[in-house]
Amino acid sequence: MLDGLQVEGRAGETVLSVARRRRVSIPTLCHHEAVSPSGACRLCVVEVFWGKRSKIVTSCIYTPYENDRIETNNDRVRSVRRFVLELLAARCPGVDQIRELALEYGVDMPRFEPDKDARNERCILCGLCVRVCDEVVGQHAIAFAGRGMERRVTSPFAEQAEECIGCAACVFVCPTGALHFEDVDGRRLMKELHTEVPMVACRECGLPYTSAKQIEKVKSRLRLSDEAAALCPPCRARAFGGRVERILAKDRKAAFPWEQSASFAFESAEALSGK
Amino acid sequence: MAIETIDTPRQLATVRSAARKVLLNGHPRISVGTATCGLATGAQKVLDALYACRAELQLGQSPIPISISETGCNGACFLEPLVDVVLPGQARITYGNVQPEDAAGLIEAACAGTVYGKRIIGRIDKEEFLVEGTSRNYRRGKLADEVKEVPRYAALPFFRDQVHLAMRNCGIIDPTSLDEYIAKGGYAAAAKALTEMTPDQVVDEVTRSGLRGRGGGGFPTGRKWATCRKAPGEPKFVICNADEGDPGAYMDRSVIEGDPHSVIEGMIIGSYAVGAHIGYIYVRQEYPLAVKRIRLALKQAEEAGLLGENIFCSGHSFTIRINRGAGAFVCGESTALMASLEGRVGEPRAKYIHTVEHGLWNMPSCLNNVETWNNVPVVIARGADWYASIGTQGSKGTKVFSLVGKANRVGLVEVPMGITLRQVVEDIGGGVPEGESLKAVQTGGPSGGCIPAELFDTPVDYESLTALGSMMGSGGMIVMDSRTCMVDVARYFLSFLKEESCGKCVPCREGTSRMLQILTRICEGKGRAGDIDLLHDIAQGMIDGSLCALGGSAPNPVLSTLKYFAEEYRAHIEERRCPAKVCRALITYSINPEVCTGCMLCLRACPVKAITGERKKPHIIDKLACTKCGLCADTCRSNAIEVA
Amino acid sequence: MTETVGAPSPKAKPDATPDNGHRLDEILERYSPEPSSLISVLEDLQEELRYLPREALERIATTLGVPRNQMYHVATFFKAFSLTPQGRHMVCVCRGTACHVKGADKIMNKVESELNVREGGTTEDGQFTVQSVRCLGCCALAPAVMIDRDVFGQVTPKQLRNILDQYPNGNRND
């Protein structure tokens, strides 16, 4: 039962997945379809009732049993979400997404003093960047470090991460814009990760559009020829008349499961092949 | 005595009789308590002195048949160093606060078969074989008068109400001797389980006994085993949680240091019951002696064939590995512990999927606490009905508590469930020192709460303690008197939890920090109206929203002190006053000029040089420089220093 | 695989020497080369060298098949590990509940003032690192202090100078 309606879920399907299918809205922060669920932000909580008992669970992980009755938006659930948002708004007062969501739950002014540097804090430690880099890109370049309030996202030893291929999937998956990259003089600077990655230029137009490491990675997952790899997506589309894009489209799911937040280079490829 | 392999119950019985003969060989036996506490109070010097005295006495003569050995802690930590002497034909006499100077007298008395006149604590008349339900009187013939004068343990307030099941061998046997463990009936329960019972029968026996997890959760052990047994998948694992993170609790340390084989035996039985062939013991790294003891015991068990392939020719194989913790309280949580075993950080995960079905490397895993495993051989050997006859309806058996803090008699006490807090704290613990009044007891560690003295007639069992807003927890029981500030206690626990939070989930990571901020402000005299409500709000959010029990129970110390000691919070917030005179920002130190003798001791003791004065003239404390550390008051011999 | 029995030598060598690579080899040989050995290896190394040098960590990650980011998180998550060299002697003041109630604060204050170092820091001469620990499990002897592996119970601030003086340049016996 989901909010009073009888529903059916697939075997092993989470409450969140069922809810989304049924267009029941549940807020999330640390969740993304491309990576494994974490259950860290606690925003997606719902209350499960069975028999005389109930408990609060995170809908991104919990797979319901038969006869579970689930409420996605009751007072207790909203209370937890409000609490989480109040804490996050106090942690990151400068992040608009958090502030707006907090307002929706009735948090106008957090009752906690922000820390000195809170204005600049944007990271909510959701771990999406770490998981994307681990599970999807497979480079393991981003590290959590420390525990408790010392927990932070960084690169191993806070120095250049040789594993990083500069794909910027982490930047795109971050829900609060805490990570940035900047392309300067043919180098991609991953600022918060203390890392820079040299880019390679398109043989045709000269735009430094990707890094050598990233090209190697993509080639290892797709049947992409050297000539195709040497061109940036717009030039490639012109040169191969969309054939490469059709290849990419077929293998796309395998190669770019982070589709919605792919590096801008591939976003333009999609735009071109979208027709 | 060389250990040959023990491949059958019959061979075990043979080793047992031989070892028992040695144990009861009619020679004087001296044992010194050299567990961590014993060593910390100087037991090593006592032991060395005993060896030296014995060596001196036997110069040129045939060896004196007095055995000297080491043993664990029998719980009377306030009396350490402890030395037991078994006087053949008479009794076992316990001596406390023993010093190296006593060694000569002890040896001489043991040789002569008499009682050493000093440091006497009590006597035990029998060697107990608890797992068999039998005992053997030490006495042969008449008991000497001087022995009769030594009070029996049963007459000593500290020991009278105790029942030692988990601690059956602690302070009695040499924990480095497999023979002594077997002599006391050790491994017989494992032999019985593996050769006379089916795994289902073992599970059934444990279930009917009513044994519940002693680590804090209180989950019915038999039910956990049954679920693990039924869970599909191989390999399965059994795990011993020896992380014992609750500050103030050291029951598990003492069991491992005093009776490591009992844990191994319990795990052998458990592994057979659930179908596991690999076990892990996860020991806190802050316990180096416990790690050493369990490693040795493991080696001995392996060499004796009690671990490994085909134990007791039953077809069941089982080995154990030891892993150490690395300084993270959160690793006492079962999913975090398993993550740590896998080489990952100790971050818990949601327990919607139970670890008994998907635990270590996603395989069925049965995790239990040290004390739980240690109780298992007793349950199997004596039977579920016998075990269930001890304790209360819902809480069977006994529980070991670390009774510490401001009690007069501190140490480990093992009592039947259902005894009242008052009996434990006042009868066994002797209440608080003269001049102070008993205020509260804190149970359950950082997940538990404080129980005020007015409620001390509550029975000690899982449900009753939870109903009061605390919990049984692993067994820490910290006695607090009128000089303990309950707001400071709440702040202390929050500062602990904030450091130990793994940081994964928002409610706990941010919530513990915010709660600590508020409590710190209150203790500094900067409390505000609305702070109490805010604390309650945060508490509810953490209880409902946290990922694991660390965050979920973190508010308990605050909630329980708010419930029972609201007046202290009010005084701190509204009056900027600390009734217990603990919170440094709210107290002032001053020297009473009428009492001060001008001895200058405090002047020298002050680390910030806040005291001025001349010889024989009253000294003065500069209130602005004073850090309220209290060192001056400790040094003053005239009681001239006042705290307001 | 059963772990080698017998803890490594409790006498940690005072300075990091070029010999570290050899010592790391020894340690790695004690455990099977898989991720689950990570924490045990780190613990043994920490005990040997009193900290975890970066080069050693990189080698450990490779040998055990642990990605560097996981290794770094583990090395920074657990309190037992230090990425910077610690003093010859670890002074651990217990801040367990019983010790707190019996004045652990005062003991820590006195230690800090005697050694002229704040909690968590190392003395200038590299002799002592001061930390708090929760808990040593000597609650009946509160307040307690552990220096290396020696535990002192019922410590009073007055005794601290004498206790600390037992640890000159070398190790105290045992």
Side-chain angles (χ1 to χ4, degrees), chain B residues 36-37 39-41 77-78 80 244-250 253 285-288 291-292 295-296 298-299 302 319 321-329 340-346 402 404-406 410-412 442 445 476 478 480 484 489 492-493 496 502 605 607 627 629-631 634-635, chain C residues 1-3 5-7 10 34-40 42-43 46-47 64 66 70-71 73-74 76-81 92 94-103 105-106 109-110 112-114 133-142 144 146 149-154 156-158 174:
Chain B
T36 303
C37 285
L39 291 173
T41 48
C77 307
F78 67 106
E80 266 162 341
E244 193 162 60
D246 283 0
Y250 63 108
R253 169 174 77 66
Q285 59 102 229
E286 291 89 334
Y287 288 170
V291 172
K292 184 173 164 193
R295 277 183 168 151
L296 176 61
L298 206 64
K299 178 161 174 261
E302 282 169 359
T319 54
R321 299 167 197 194
I322 296 178
N323 278 59
R324 283 166 295 166
F329 170 76
S340 161
L341 282 176
E342 292 175 10
R344 299 184 287 115
V345 292
S402 64
V404 292
K406 301 291 192 81
V410 292
L412 293 178
Q442 203 278 340
I478 301 149
M480 299 172 172
T484 312
V489 166
Y492 163 83
F493 278 118
F496 173 81
C502 77
T627 59
C629 69
L631 286 170
D634 288 342
T635 340
Chain C
M1 189 219 89
T2 320
E3 210 187 53
V5 170
E34 49 185 353
S36 59
S37 303
L38 179 60
I39 292 177
S40 301
L42 293 180
E43 264 166 352
Q46 172 77 33
E47 200 160 350
L64 301 183
V66 174
Q70 181 182 332
M71 172 274 295
H73 196 186
V74 169
T76 54
F77 181 90
F78 291 100
K79 198 169 173 193
F81 302 139
C92 297
C94 183
R95 282 216 202 256
T97 317
C99 291
H100 174 79
V101 155
K102 292 205 118 181
D105 274 345
K106 271 194 208 158
N109 282 351
K110 186 72 171 171
E112 284 177 328
S113 84
E114 284 290 336
V133 74
R134 316 200 212 217
C135 87
L136 292 172
C138 295
C139 319
L141 303 173
M146 179 161 82
R149 283 199 180 170
D150 307 315
V151 178
F152 301 89
Q154 286 161 333
T156 65
K158 268 194 224 154
D174 65 322

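Throughout, a chain's letter reflects where its sequence line sits, starting with A, and its residues are numbered from 1. Just so you know, these numbers use all the heavy atoms, side chains as well, and skip hydrogens, waters and symmetry mates.
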Should the pair C/E47-C/R149 be classified as a salt bridge under the 4.0 Å nitrogen-to-oxygen rule?
-> yes
Output the option from [options] having the highest count of non-hydrogen pairs under 4.5 Å with chain C.
{"options": "B/G476, B/P607, B/A328, B/G630", "answer": "B/G630"}
{"options": "B/A326, B/G248, B/G411", "answer": "B/A326"}
{"options": "B/V489, B/L39, B/D246, B/V410", "answer": "B/V410"}

Do any N or O atoms from the side chain of [X] and from the backbone of [Y] form a donor-acceptor pair under 3.5 angstrom?
{"X": "C/Q154", "Y": "B/T41", "value": "no"}
{"X": "B/E244", "Y": "B/R253", "value": "yes"}
{"X": "B/Q442", "Y": "B/G445", "value": "yes"}

Tell me, yes or no, whether the heavy-atom count around C/K79 atom NZ, taken from other residues, nucleotides or ligands under 6.0 Å, exceeds 12.
-> yes
Heavy-atom cut-off 4.5 Å, strictly under: side chain, backbone, both or neither for [X] against chain C?
{"X": "B/Y492", "result": "both"}
{"X": "B/S402", "result": "neither"}
{"X": "B/L341", "result": "backbone"}
{"X": "B/E342", "result": "backbone"}
{"X": "B/R344", "result": "both"}
{"X": "B/F329", "result": "neither"}
{"X": "B/S340", "result": "both"}

Okay, C/N109 and chain B: the region with an atom under 4.5 Å from a heavy atom over there is side chain
Residue part contacting chain B, namely of C/V74, when any heavy atom lies under 4.5 Å = both
If you measure from [atom1] on [X] to [atom2] on [Y], what distance do you get to the nearest 0.5 Å?
{"X": "C/F78", "Y": "C/Q46", "atom1": "CZ", "atom2": "CD", "answer": "13.0 Å"}
{"X": "C/L141", "Y": "B/C77", "atom1": "CG", "atom2": "SG", "answer": "7.0 Å"}
{"X": "B/E302", "Y": "B/L298", "atom1": "CD", "atom2": "CG", "answer": "4.5 Å"}

